[in-house]
S.K.: 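First, the structure itself, so that you have it in front of you.
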Protein chains: 2
Amino acid sequence: MKGVYSYSMDNSLRILKEHDIRPTQQRLEVHLILLKQAKHLTAEEIYEKVKVKMPAISPATVYTILDLFKQKHVVNEIRIQFDKSCFEARIDPHHHFLCKHCRNIFDINIKPCPALETRTIEGNLIEELQGYFYGTCRKCLEKNDDKPV
Amino acid sequence: MKGVYSYSMDNSLRILKEHDIRPTQQRLEVHLILLKQAKHLTAEEIYEKVKVKMPAISPATVYTILDLFKQKHVVNEIRIQFDKSCFEARIDPHHHFLCKHCRNIFDINIKPCPALETRTIEGNLIEELQGYFYGTCRKCLEKNDDKPV
DNA sequence: TTAGTATCAATAATCATTCTTACCTAAAAA
DNA sequence: TTTTTAGGTAAGAATGATTATTGATACTAA
């Protein structure tokens, strides 16, 4: 257990250093949570998880850290839900799907996606892109669950 | 002038009726503004514009109307800006570009966009999709304006 | 007419996020 | 070692878009 934890923490340490981020305890913890989770977490979910290890941390600190991580490109921010942001450690461009029923978010792979393969569109330079899909996921379709929550 | 106005208002009236929306004064006015503008407006911008004709209207009413319009598919909501929504009368699926410099929003046409052409992805049923591109628009590139606002 | 329904304005409430301030710590300089 | 400096953080207040609530009014159908 200690081994796994250390390994991941070392991973976070290396990643932060590689991106010129001074590795404080708080930053390491936030990064490790995103790395371990391998899922999309809201700022509040991250805050709740950090608080287990560091009860004194404040939400503002989590927001500050996530902001820094965004700037340094170690996390990706997703606004697929209208009322709050999610964050993920995966940083290569890819699309997302939000199920209206179970509210789960899935990564989407569109094989040849022209949007993901160009640097410019109609003369405009693309520096970031987000593809959001809304609908009913496979599992909820199988359940024949037609009413959105 | 009267002619143009009436024509547009008739347009709005027809569109609302076609979508089973009882045409009240407020709803017609909000719809007409979006129709005439042919651009992306925030809820607040719409509110400011309606207020010129109907000084008694409240922001809550505008939100309610826009919500109804969304449900009935007469407007499209765009969350390309993180802190507020924009609305447009164009309802066919298309992507958007936000320039980090001039903050303008442009419609984007990707010729063969697989995302716009499928109903399902990996077994998930797509009911709505939003493609958001962030970067530097053609005009700002020409100005060699490299610093985001 | 009259009951029932829908709409709307106004205000208050919510809630994610940001701002402000002050404290603390760690590294650099003396 | 002490001083200095800069950056990081906690706490709580502030912001601001959006939503909920409520009471009044207008429409609809019998």
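In what follows, every chain begins at residue 1, and chains take the letters A, B, ... in the order their sequences are listed.
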S.K.: Could you tell me how far apart Gln26(A) (CD) and dG7(D) (C1') are, to the nearest whole angstrom?
M.R.: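 Between C1' of dG7(D) and CD of Gln26(A): 12 Å.
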S.K.: Quick one: what's the B/S/- string for nucleotides 24-30 of chain D, heavy-atom cutoff under 4.0 Å, read 5' to 3'?
M.R.: ---S---
S.K.: Quick one: do Phe87(B) and Ile57(B) end up in the same hydrophobic cluster if we chain Ile, Leu, Val, Met, Phe, Trp and Tyr together by side-chain heavy atoms under 4.5 Å apart?
M.R.: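 In one cluster: yes.
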S.K.: What are the two closest heavy atoms between Pro114(B) and Pro114(A), and how far apart are they?
M.R.: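 What the structure gives for the nearest pair is CD-CD, 3.3 Å.
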S.K.: Considering only heavy atoms of chain A and a distance under 4.0 Å, specify the first and last nucleotide of DNA chain C in 5' to 3' order that meet this criterion.
M.R.: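 That gives a stretch of dA16(C) to dC19(C).
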S.K.: Which atom pair, heavy atoms only, marks the closest approach of Arg79(B) to Ser85(B)?
M.R.: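 For Arg79(B) and Ser85(B), the tightest heavy-atom pair comes out as NE-OG, 2.6 Å.
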S.K.: Could you give the side-chain donor-acceptor pairs of residues 44-52 of chain A under 3.5 Å, partners two or more places apart or in another chain?
M.R.:
from: Glu45(A); atom 1: OE1; to: Thr42(A); atom 2: N; distance (Å): 2.8

S.K.: Going by atom type alone, with no hydrogens or angles, which donor-acceptor pairs under 3.5 Å involve a side-chain atom of residues 120-127 of chain A and a protein atom two or more places apart or on another chain?
M.R.:
from: Glu122(A); atom 1: OE2; to: Asn109(B); atom 2: N; distance (Å): 3.1
from: Asn124(A); atom 1: OD1; to: Arg138(B); atom 2: N; distance (Å): 2.8
from: Asn124(A); atom 1: ND2; to: Ile121(A); atom 2: O; distance (Å): 2.9
from: Glu127(A); atom 1: OE1; to: Lys100(B); atom 2: NZ; distance (Å): 2.4
from: Glu127(A); atom 1: OE2; to: Thr136(B); atom 2: OG1; distance (Å): 2.8

S.K.: Test of understanding: with side chain to side chain contact (heavy atoms under 4.5 Å, CB included), list the residues that count as partners of Ala89(A), not counting sequence neighbours.
M.R.: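 Only Leu34(A), Leu35(A) meet the side chain to side chain contact (heavy atoms under 4.5 Å, CB included) criterion with Ala89(A).
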S.K.: With a 4.5 Å heavy-atom cut-off, do Gln25(A) and Lys53(A) have their side chains touching?
M.R.: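 No, their side chains stay 4.5 Å or more apart.
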S.K.: Please find the pair of heavy atoms, one from Phe97(A) and one from Gly135(A), that lie closest to each other, and give the distance.
M.R.: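 Minimum heavy-atom separation between Phe97(A) and Gly135(A): CZ-C, 3.7 Å.
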S.K.: OP1 or OP2 of dG7(D) sitting under 4.0 Å from any side-chain N/O of Thr24(A)?
M.R.: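 So the side chain of Thr24(A) is outside the cut-off, no N or O lying under 4.0 Å from OP1 or OP2 of dG7(D).
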S.K.: Which heavy-atom pair separates Leu41(B) from Ile33(B) by the least distance, and what is that distance?
M.R.: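 Leu41(B) and Ile33(B) have their closest heavy atoms at CD1-CG2, 3.7 Å.
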S.K.: Pro93(A): which residues meet the side chain to side chain contact (heavy atoms under 4.5 Å, CB included) condition with it, sequence neighbours left out?
M.R.: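 Pro93(A): side chain to side chain contact (heavy atoms under 4.5 Å, CB included) contacts with Leu116(A).
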S.K.: Please work out which residues in residues 58-73 of chain B have a non-hydrogen atom less than 4.0 Å from an atom of DNA chain D and list them by number.
M.R.: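 Within residues 58-73 of chain B, the residues near DNA chain D are Ala60(B), Tyr63(B).
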S.K.: Taking atom C1' of dA17(D) as reference, at what distance in whole Å does atom CD of Glu48(B) sit?
M.R.: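 Glu48(B) atom CD is separated from dA17(D) atom C1' by 14 Å.
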S.K.: What donor-acceptor contacts under 3.5 angstrom involve side-chain atoms of residues 69-76 of chain A, with partners at least two apart or in another chain?
M.R.:
from: Lys70(A); atom 1: NZ; to: Asp67(A); atom 2: OD1; distance (Å): 3.4
from: Lys70(A); atom 1: NZ; to: Glu77(A); atom 2: OE1; distance (Å): 2.6
from: His73(A); atom 1: ND1; to: Gln71(A); atom 2: O; distance (Å): 3.4
from: Asn76(A); atom 1: OD1; to: Gln130(A); atom 2: NE2; distance (Å): 3.3
from: Asn76(A); atom 1: ND2; to: Glu88(A); atom 2: OE2; distance (Å): 2.9

S.K.: Among residues at least two apart in sequence or on other chains, which ones pass side chain to side chain donor-acceptor pair (under 3.5 Å) with Glu18(A)?
M.R.: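 Applying side chain to side chain donor-acceptor pair (under 3.5 Å) to Glu18(A) gives Arg14(A).
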S.K.: Check each residue of residues 74-87 of chain B for a non-hydrogen atom within less than 4.0 Å of any atom in DNA chain C, then write out the ones that pass by number, or none.
M.R.: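 Nucleic-acid contacts, sorted: none.
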S.K.: Examine the side chains of Thr64(A) and Thr61(A) and answer whether a donor and an acceptor come within less than 3.5 Å of each other.
M.R.: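 Looking only at side-chain atoms, Thr61(A) and Thr64(A) do not form any donor-acceptor pair under 3.5 Å.
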S.K.: Over the length of the helix from dT1(C)-dA30(D) to dA30(C)-dT1(D), how much do the five-pair end axes diverge, rounded to 10 degrees?
M.R.: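 Here the local axes at opposite ends form an angle of 20°.
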S.K.: Can you name the salt bridge (Lys or Arg N to Asp or Glu O under 4.0 Å) partners of Arg90(A), sequence neighbours left out?
M.R.: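 Partners of Arg90(A) under the salt bridge (Lys or Arg N to Asp or Glu O under 4.0 Å) test: Asp92(A), Asp107(A).
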S.K.: Taking the side chain as every heavy atom from C-beta outward, state whether Lys39(A) and Cys86(A) have any pair of such atoms under 4.5 Å apart.
M.R.: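 The answer is no; the side chains never approach within 4.5 Å.
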